[in-house]
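When a ligand or atom number is given, it counts from 1 through the structure's own listing order.
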Amino acid sequence: MDPSLKKIANRIDELRTIITEHDRLYYTLDKPIISDYEYDKLFAELEDLESKRPELITNDSPTQRVGGMALDAFEKAAHRLPMLSLQNSYSVEDIRAFDLRVKKILGTKENIEYFCEPKFDGLAVELIYENGRLTRALTRGDGVTGEDVTANVRTIRSLPLTLHTKSPPSLLEVRGEVLIFKKAFADLNDQQQDAGYEPFANPRNAAAGSIRQLDSKITATRPLHMICYAVGAYEGIRLETQDKLAEILSKFSLPTTPLKKICYSVDGAIEFYNDILAKRHALPFDIDGIVIKVNSLRLQDELGSVARSPRWASAAKFPPEEAETKIENIVVQVGRTGALTPVAIMTPVRVGGVTVSHATLHNQNEIDRKDIRVGDTVIVSRAGDVIPEIVRVVFTKRPDKSKAFKILTKCPECNSAVEQIEGEIILRCPNPLCPAILRESLKHFVSRRAMNIDKVGDKIVDQLVASGLVKSFSDFYSLSPEALLSLERQGKKSVSNIIESINQSRAPMLSQFIYALGLRFVGEQTAKFLSKHFGSLKAILSANEETLSQVEGIGEKIAPSIVKAFKDKNLRKEIDQLLAKGVKIQNPEKNNGARPLAGLSIVITGTLPVSRNVAEELIENSGGKKSSSVSKKTNYILAGEDAGSKLEKARKLGIPILDWSAFCALIK
Ligand code: IVH
């Protein structure tokens, strides 16, 4: 190898090792030691070297995680060892019966040592590591044959592409559950809905849908996680117990659960069951029970399996969280994209620790499938701890004169004939002037993660639309105090607050602005990707399908939809109007070059001429870190009007104080 190439190859190797270690610290151990900015810099350097020397790219480079070409279908592949299912126990008696069976087969009266951990509610996947490298990932499938989802599984950042060990086993098949944490699920569903998609019913469905997604670029945008709990075939390694196995997996940098316990008798296992049942809601992910496994792998072998389940393990399921209530009414709501959603209004009832009174019925097909009617007594569950769902109707309690519910073929708001797009189940109101669509689009426009006009809440939008004062996005920017005063329940003070918050929204980040337009399929994440990729509104407006599809998260479906949206004369006119009325878009800083606030910690206080969001994003984009309390470590304080105690404290500590214009000059 020529010396200059050798030097590049060495640096590439070094960067891969460093980045992989930071991935491990961040995703697996949750203990990052460098900032995102520093990480991005290392990553960019590696990408740059690899683009100059593509012959040096290897499959296990951290740059190669993010999706390639979309597939037409998944390939099928056989598991070396079948992926079994578990026998279920539903009660303490069932758990005791399982224990007795184990003892009987082993011919012992002694206590058995059990390894217990939660039963994760996700999608079972098998990872195959050959000589330490992740070479393949399969879904469980029918247990004998699974689908090859390698490209998708590689996008899960908490999974190592190479095992963290100097002497890897020649073969290690690791089994575990792919899932999405509750918090990430709530954000994902917000994004789905913002982008005009149907929300996922629960984290399990979202995880399964993401893993079985043919376009791995889309999978890469999903917050997937995996927890490993078992092995399939293996060579070149000795395993003796479940707990040692968990320890070894963890040493290899494979994520396992800390919620595990060795129980020295069945009583211990029952105690663990009750303990986890009590903690269930506080856990960051969904579980549906615990799994009790004989700890010794030698005894597991001896016990073997019957049919499709091992005799050495049992899934002790938790009782489902359901409750009975009554449907008082079914209303049809019109969303921002015109989509009609039937919603059941129920007598409030407590399920899994919260009171629920509304449940989405999704669409007509769902209503028909479950035969849900007004007046019905129904069983509701809280799917994924988040969205209440109607599980079934209690038909024996159905009133005599009930009628099947049909969504009307007219928009409940503007009476237009509704449409059904081919291939979609959802009915839509096609009228762009429908007051419901206008209202919902405006609510989205002013919302926190969009233009963030925080003093204009849903009620005020309703009033502004009803009074005809606002008919488009740009109308917000020509509202006069007199006009606002004419609204009910508005006084001088609240009107001046509204005007001020409108003025503060005049300098959105590019991504916020794009997101605020509410284009179909463009949620907050996609808007950020667009902003980062193109850098200016002008560049986004003139992008074509080809350039758009190079953007992370944008596939064949979204690109043409964005092009079409921006061809719309009304939208273009509206954008021009917004700019003409003084909306000044802040373009993102490019990530290269020295950043003016790199490594500095900044505290914001008082009222700035822009919103907090914008100021914070500007700080982040300039490499700085926003902090909420003033200390000796604070590098600057950015003070607006009416700054109070924080400013005083900063003065006492002698921390440099920036006003808005000094701050702007600094980050230029
Ligand atoms: S051990 C026989 N441990 O439950 C296979 N499985 O209903 C041994 N599951 O297919 C699996 N959490 O997908 C095991 N902590 C855990 C689990 C777990 C969830 C799933 C797994 C299995 C299914 C059986």
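If you check the side chains of Ser314 and Ser89, you find a donor sitting under 3.5 Å from an acceptor.
Taking the charged nitrogens against the carboxylate oxygens, Lys532 and Glu552 have no contact shorter than 4.0 Å, which rules out a salt bridge.
Panel note: side chain Arg65, backbone Arg154; a donor-acceptor pair is recorded below 3.5 Å.
Inter-residue side-chain proximity for His362 and Arg369 is flagged as unmet; no heavy-atom pair is nearer than 4.5 Å.
Residues satisfying the ring pair (Phe, Tyr, Trp, His ring centres under 6.0 Å) test with Phe252, not counting sequence neighbours, are none.
Aromatic rings from Phe120 and Phe285 are positioned such that their centres are separated by under 6.0 Å.
If you look at ligand 1, the protein residues with a non-hydrogen atom under 4.0 Å away are Leu84, Ser85, Leu86, Glu117, Pro118, Lys119, Phe120, Ala124, Arg140, Glu177, Tyr229, Val291, Lys293, Pro310.
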